[in-house]
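In this text the structure is predicted, and so the values were computed from the model without any measurement. Both ligands and their constituent atoms are indexed starting at 1 by order of listing.
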Amino acid sequence: MTENKTMHKKAKQQNLKRIFTLPLFHGDDLLDSISSFCQKKNIKTGLIMAIGALQKAKIGYYLQKEKKYKQLSINKPVEIISCLGNVSLKNNKPFVHLHVSLADAKGRAFGGHLNKGSLVFASECFVFELKGEKLERKFHPLTGLSLWDFIS
Ligand code: ZN
């Protein structure tokens, strides 16, 4: 009960401002392209969703005990079943955080934290820009991650 009360007090509120459909091109780096779009448009808070396919992928898995990412390289074409994430502020700049579910030729799914080096084969992507209370990332010692500052 106490936790729920805290959650309700701390929750931030935003409203939808603009929706962009992004032109992602064959060979683009998925994370870099979305990040640079958000920085150029100065999107400080937002939701991102994409589908499509990658020529190859680089994803991360966070080792919770070691507090570091294990990197995985997928050097084959994969489907993007879903790519979901957000934009918030980190060091006062728009910072894009994305996760992907991918599938191989046998329909087997896997995924993780999207890293630079994931090259677009084709993709359809929406960015939902939000306005309202700011979301800012700060280092969170318990997890070793940069989390939204109202999570403690
Ligand atoms: Zn992540």
Quiz prompt | Phe126 atom CZ, over 12 foreign heavy atoms within 6.0 Å | solution = no

Quiz item: Just by distance, with hydrogens left out, do Ser118 and Lys58 show a side-chain donor and acceptor under 3.5 Å apart?
Solution: no

Quiz item: Any side-chain heavy-atom pair from Glu133 and Gln14 closer than 4.5 angstrom?
Solution: yes

Self-check item: Total protein N/O/S atoms whose distance from the Zn ion (ligand 1) is less than 2.8 Å
Solution: 3

Exercise. Indicate yes or no: does Asp149 engage Lys134 in a salt bridge with an N to O separation below 4.0 Å.
Key: no

Self-check item: Intermediate values then yes/no, ring-ring contact (aromatic ring centres under 6.0 Å, His included), Phe20 and Phe37
Solution: CA-CA 10 Å; Phe20 296 95; Phe37 179 84; 5.1 Å; yes

Practice problem: Indicate the ring-plane relationship of Tyr69 and His113, choosing parallel, tilted or perpendicular according to the 30° and 60° boundaries. | Solution: tilted

